Amino acid sequence: MKQELTQLISAALGTLQGAGVLPADVEPRINIERTRDKSHGDLASNIALTLAKAAGMPPRDLAARICDALPASDLVRQTEIAGPGFINFFLSEATSQAVVQKILAQGEQFGRSNSGEGKRLQVEFVSANPTGPLHVGHGRGAAVGDSLCRLLRAAGWDVDSEFYYNDAGAQIDNLALSVQARCKGMTPEDAAWPEDGYRGDYIVDVAKSYMAQETVDAEDQHVDGAGDADDLEAIRRFAVAYLRREQDQDLKAFGVDFDLYFLESSLYSSGAVEATVERLVSQGHTYEKDGALWLRTTDFGDDKDRVMRKSDGKYTYFLPDVAYHKNKWERGFGRVINEQGADHHSTVTRVRAGLQALGENIPEGWPDYVLHQMVTVMRDGEEVKISKRAGSYLTLRDLIDEVGRDATRYFLVARAPTSQLTFDIDLALSQSNDNPVYYIQYAHARTCSVFRKLAEEGGAWNREQALEQLGALTEEHEKAILKRLDQYPEVVANAARDLEPHTIATYLRELAGDFHTWYNAHKMLVDDAALRDARLALSEAVRQVLANGLDLLGVSAPEQM
RNA sequence: GCGCCCAUAGCUCAGCUGGAUAGAGCAACGGCCUUCUAAGCCGUCGGUCCCAGGUUCAAAUCCUGGUGGGCGCGCCA
């Protein structure tokens, strides 16, 4: 629609340039936007405002000249010059109503596009250490990351989702020591308790399971508990598998899965870490100091250099990170999006710097990042501290059990990632029926219930026939819905372009509101067959778009509530 | 001290590449179920868009400088 109007305006401007009203050398950027107020028509352009200076005439006068020069079109019913010089376009009824036909014809495909052109793209998200259960912050990452995947697929990208498992390194050593301490009956109060050990109760569960020689079946790991408190290596393998299994179960309950779980340990066993070190050394960006091996990341915009290999010979997390992203690049992902908590934002510069230091022509801004701000959890009016090493712990699983999967996902994805989020458990619980997700789902269920009612009454509805009757949709509420529906593909495209899934949530809230208003004001199953058919067609179109949008958020669209 | 993010109604937050009287939910108050699900609808109340400059025909939106908050600045991840 915008395209067609752009062409009309472009033609008009051409005419005016030919007539000498506009200088021939201006290259106008035609901007068309949807109006907020229906008295301003359906679409509006500010073109006269932007060109007034070049034309040397007042904006409203120029707007009039443009309107006069617009080619005739049956898309537009009326144009108006308003305010300081906007040109408002009122679309013809048939043009507005055509969206219903389009939605019913395209079904689940409505709103999808091919701007990604089938190119490969990877989204990495959650990537929690297997050192404890997933908490609310991981939940936000999971909700946003999974929605990004769905959104980018809808925009025509060939998306792979990936979870990076840090199953190597110091944190895992710490985990193994903590579990071992529990196996030996120690508590965090004991003097011999490992420094910075994980104190959470779940460590006790792991230890008990290990000592009882239970078997853990995780994604691709099958580990038997050895029951030997002195075998640290066996404890390590068992604990990692155990916690991985827990996380997998939580994510499954959350409706999130991954195409690939990438193990950090595999970078060591495959030799990728060593190869990366050698490459960096040979590129001349490294030096030794204080017994450690450093990478001169300051050459690539970092504010200080980084240690790659510690004086004890072990690598920091930084090096596997570089090796991992090198691996991603080699797998052919021209575009990679890392969804992470903002507390890790310092890795952005570092990883990119490391990749530049490889000298392998990886683009400077690669990979992309979406950083979500912190989630604060409130319970009984007080902040719940989330720390794996402390005792109190609110897991993602707790949240799913308490407020439900759909509500949790919606709540965590409905806000801009850049915005800090307060998750008030009492509110989520006590007012769960006021959660916006139910408002949207209820609208979907209502569209379905109308058709159920129709069937109960022995009525029938023929789609093709109904589409002939769209001219009957003349109520203001119906026009508002038509306009909203028409907006959907653009909302999806913009959300994918800007990596902002929350805008889908906002849109769905508005569409659901339009529908509820209409539903309350007018009966659909009226005696007038033409009107009834038309309203049912509109209702079905709303249902389809709600379902499509909810799917992008990973939230279910129930037919009944 | 340096870097990243944020500041909009009492609370939680939207506000698309700058656009025409700044929006929603919750909270408060008043209405609407013999009619397709009242998890709904309609109405009222409620805002110096943190402050000060600047750019522009036009700034909540862009720029600069402040103020306030979150996060980060490890041979942790």
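Computed from a predicted model, the values in this text were never measured in an experiment. Quick note on labels: first sequence line is chain A, next is B, and so on, each numbered from 1.
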Enquirer: Please report, rounded to the nearest Å, how far the P atom of rG74(B) is from the CG atom of Leu295(A).
Expert: 16 Å
Enquirer: Take atom C1' in rU21(B) and the same atom in rA38(B), then report the distance between them in whole Å.
Expert: 32 Å
Enquirer: Is the glycosidic angle of rC33(B) within 90° of 0, making it syn, or outside that range, making it anti?
Expert: syn
Enquirer: Decide yes or no on ring-ring contact (aromatic ring centres under 6.0 Å, His included) for His516(A) and Tyr439(A), but give the supporting numbers first.
Expert: CA-CA 9 Å; His516(A) 283 309; Tyr439(A) 184 84; 4.7 Å; yes
Enquirer: Base of rG69(B), side chain of Gln420(A) - is there a donor-acceptor contact under 3.5 Å?
Expert: yes
Enquirer: Using a cut-off of 6.0 Å, state whether more than 12 heavy atoms not belonging to Arg65(A) lie near its atom CZ.
Expert: no
Enquirer: Describe the nucleic acid contact of Arg350(A) in one word from base, sugar-phosphate, nothing, applying a heavy-atom distance below 4.0 Å.
Expert: base
Enquirer: So does Arg509(A) get a side-chain nitrogen or oxygen closer than 4.0 Å to the phosphate oxygens (OP1/OP2) of rG23(B)?
Expert: no
Enquirer: Between P on rC26(B) and CZ on Phe411(A), what's the gap in Å once rounded to a whole number?
Expert: 14 Å
Enquirer: Please report the distance separating the P of rU8(B) from the corresponding atom of rG70(B), rounded so that it comes out in whole Å.
Expert: 15 Å
Enquirer: Under 4.0 Å: is that the gap between some side-chain N or O of Tyr439(A) and OP1 or OP2 of rC41(B)?
Expert: yes
Enquirer: How far does the P atom of rA24(B) sit from the matching atom of rG40(B), given to the nearest Å?
Expert: 16 Å
Enquirer: Are Asp321(A) and Arg306(A) ion-paired here, with the side-chain N under 4.0 Å from a carboxylate O?
Expert: no
Enquirer: Of the options rA20(B), rG25(B), rC13(B), whose atoms approach the side-chain atoms of Thr35(A) most closely?
Expert: rA20(B)
Enquirer: If you check every side-chain atom of His344(A), which of rA77(B), rU17(B), rC41(B) has the closest atom?
Expert: rA77(B)
Enquirer: Between rC16(B) atom P and Lys483(A) atom NZ, what is the distance in whole Å?
Expert: 16 Å
Enquirer: Measure CG/Asn520(A) against P/rA38(B) and give the value in whole Å, please.
Expert: 7 Å
Enquirer: Using atom names, set out every protein N or O paired with an N or O of nucleotides 54-58 of chain B below 3.5 Å, distance rounded to 0.1 Å.
Expert:
residue	atom	partner	partner atom	Å
rC57(B)	OP1	Lys53(A)	NZ	2.4

Enquirer: Please measure how far the P atom in rC62(B) lies from the corresponding atom in rG1(B), and state the result in whole Å.
Expert: 26 Å
Enquirer: Going by number, which of residues 486-501 of chain A have a non-hydrogen atom under 4.0 Å from RNA chain B?
Expert: Asn494(A), Arg497(A)
Enquirer: Classify Lys453(A) by what it touches in the nucleic acid, base, sugar-phosphate, or nothing, heavy-atom distance under 4.0 Å.
Expert: sugar-phosphate
Enquirer: OP1 or OP2 of rC2(B) less than 4.0 angstrom from a side-chain nitrogen or oxygen of Lys304(A), does that happen here?
Expert: no
Enquirer: Hydrogens and angles aside, do Tyr261(A) and Gln247(A) bring a side-chain donor and acceptor to less than 3.5 Å of each other?
Expert: no
Enquirer: Of Ile32(A) and Leu371(A), whose closest RNA chain B nucleotide lies nearer the 5' terminus?
Expert: Leu371(A)
Enquirer: To the nearest 0.5 Å, tell me how far Leu531(A) CG sits from Leu525(A) CG.
Expert: 10.5 Å
Enquirer: Would you please say whether a donor-acceptor pair under 3.5 Å links the side chains of Glu162(A) and Tyr324(A)?
Expert: yes
Enquirer: Is there a donor and acceptor pair closer than 3.5 Å between the side chain of Tyr317(A) and the base of rA77(B)?
Expert: yes
Enquirer: Sticking with atom C1', work out how far rA59(B) lies from rG19(B), rounded to a whole angstrom.
Expert: 10 Å
Enquirer: Judged by each residue's nearest nucleotide on RNA chain B, which is more toward the 5′ side, Leu43(A) or Val307(A)?
Expert: Leu43(A)
Enquirer: Check side chain to side chain donor-acceptor pair (under 3.5 Å) between Asp305(A) and all other residues, then give those that pass, not counting sequence neighbours.
Expert: Tyr287(A), Thr298(A)
Enquirer: Taking NZ, NE, NH1 and NH2 as the nitrogens, is one of them in Asp302(A) or Arg296(A) under 4.0 Å from a carboxylate oxygen of the other?
Expert: no
Enquirer: Each nucleotide N or O in nucleotides 42-46 of chain B that has a protein N or O under 3.5 Å away: list the pair and distance.
Expert:
residue	atom	partner	partner atom	Å
rC42(B)	OP1	Thr517(A)	OG1	3.1

Enquirer: To the nearest 0.5 angstrom, please state how far the CG atom of Leu151(A) sits from the CZ atom of Arg112(A).
Expert: 10.0 Å
Enquirer: Could you state the atom-to-atom distance from CG of Asn174(A) to C1' of rG74(B) in whole Å?
Expert: 15 Å
Enquirer: Between rG25(B) and rG18(B), how far apart are the C1' atoms? Round to whole Å, please.
Expert: 27 Å
Enquirer: If I take atom CG from residue Leu293(A) and atom OG from residue Ser311(A), how far apart are they, to the nearest 0.5 angstrom?
Expert: 11.5 Å
Enquirer: Would you classify Ser449(A) as touching base, sugar-phosphate or nothing, given that sugar-phosphate means primed atoms plus P, OP1 and OP2, and contacts are heavy atoms under 4.0 Å?
Expert: base
Enquirer: Could you give the distance separating rC73(B) and rC11(B) at their C1' atoms, to the nearest angstrom?
Expert: 33 Å
Enquirer: Looking just at side-chain N and O atoms, do Gln171(A) and Asn166(A) make a donor-acceptor pair shorter than 3.5 Å?
Expert: no
Enquirer: Between the base of rC75(B) and the side chain of Thr316(A), is one N or O donor paired with an acceptor at under 3.5 angstrom?
Expert: no
Enquirer: Mind checking side chain to side chain donor-acceptor pair (under 3.5 Å) for Arg484(A) and listing every partner two or more places apart, or none if nothing turns up?
Expert: Glu510(A), Asp514(A)
Enquirer: What is the distance, rounded to the nearest whole Å, between atom NE2 of His444(A) and atom C1' of rG40(B)?
Expert: 17 Å
Enquirer: Does a side-chain N or O from His40(A) land closer than 4.0 Å to OP1 or OP2 of rG19(B), or not?
Expert: no
Enquirer: Arg446(A) has an atom CZ; how far is it from atom C1' of rU37(B), in whole Å?
Expert: 6 Å
Enquirer: Please report, rounded to the nearest Å, how far the P atom of rC26(B) is from the CZ atom of Phe423(A).
Expert: 17 Å
Enquirer: Between rA60(B) and rG54(B), how far apart are the two P atoms, rounded to whole Å?
Expert: 15 Å
Enquirer: In dot-bracket notation, what is the pairing pattern of RNA chain B, taking Watson-Crick (N1-N3 plus N6-O4 or O6-N4) and G-U wobble (N1-O2 and O6-N3) contacts under 3.5 Å, with [ ] crossing and | for other strands?
Expert: (((((((..((((.....[...)))).(((((.......))))).....(((((..]....))))))))))))....
Enquirer: Answer with yes or no whether His345(A) presents, from its side chain, a donor or acceptor under 3.5 Å of a partner atom in the base of rG3(B).
Expert: yes
